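Index from 1, following the sequence. The model shown is predicted, which means the values in this text are computed figures rather than measured ones.
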Amino acid sequence: MDISGAKAGRDPPSIEISLTIERSLPINEAESQQFVEDLMRCMRNLAVLIFVMDFGQSTIHRTQCFDFVEQVIHAFNFEVDQQA
């Protein structure tokens, strides 16, 4: 992306890139842990500064949503805080 941007006369650091990763919500604690690890690895490798999670219209039970918040979002917030 940087090379293409520079060839087009753009300043590569000023180019904002959007990436969508489509994934199902994890259904258990092991999948939640893998989700956090995969997402953090991706964010580190790509030097992501801001991201948005969008899971569309899920048909899962609300308990699974609460589990996701507890197992993934809280873990992710902790991981980000530790790197700050």
Side-chain angles (χ1 to χ4, degrees):
M1 184 63 74
D2 289 348
I3 293 169
S4 297
K7 284 182 181 179
R10 306 250 334 256
D11 177 31
S14 71
I15 300 171
E16 293 184 9
I17 301 169
S18 174
L19 172 68
T20 300
I21 301 171
E22 184 176 340
R23 233 180 130 149
S24 298
L25 283 173
I27 59 171
N28 57 46
E29 197 165 342
E31 284 187 15
S32 293
Q33 180 61 36
Q34 189 65 52
F35 186 96
V36 170
E37 291 172 9
D38 292 348
L39 186 58
M40 289 304 298
R41 183 174 40 259
C42 178
M43 291 181 64
R44 282 187 203 111
N45 291 344
L46 298 174
V48 172
L49 300 175
I50 299 169
F51 76 99
V52 175
M53 286 193 246
D54 181 359
F55 298 98
Q57 296 182 346
S58 180
T59 58
I60 64 171
H61 190 273
R62 70 181 196 163
T63 302
Q64 288 175 282
C65 291
F66 291 134
D67 289 345
F68 179 78
V69 169
E70 181 179 299
Q71 297 169 0
V72 175
I73 295 177
H74 286 277
F76 188 78
N77 285 336
F78 176 77
E79 179 77 23
V80 171
D81 288 343
Q82 295 300 308
Q83 293 185 24

### Query
For E70, does the CD atom have more than 12 heavy-atom neighbours from other residues, nucleotides or ligands under 6.0 Å away?
no

#### Entry: F66-F68 co-clustered via ILVMFWY side chain contacts under 4.5 Å
no

### Summary
Residues I15 and R10: closest non-hydrogen pair is CG1-NH2, 3.6 Å

### Message
Does Q64, at its CD atom, have more than 12 non-hydrogen atoms belonging to other residues, nucleotides or ligands within less than 6.0 Å?
### Response
yes

### Query
Is a side-chain N or O of E31 found less than 3.5 angstrom from the main chain of I27, in a donor-acceptor match?
yes

### Query
With no hydrogens and no angle check, do the side chains of Q33 and E37 hold a donor and an acceptor under 3.5 Å apart?
yes

## Note on the structure
CG of L39 to CZ of R44, rounded to nearest 0.5 Å, is 10.0 Å

### Message
To the closest 0.5 Å, what do you measure between CG (N45) and CE (M40)?
### Response
10.5 Å

### Summary
Closest non-hydrogen atoms of E29 and Q71, given as atom of the first, atom of the second and distance, are CA-OE1, 3.5 Å

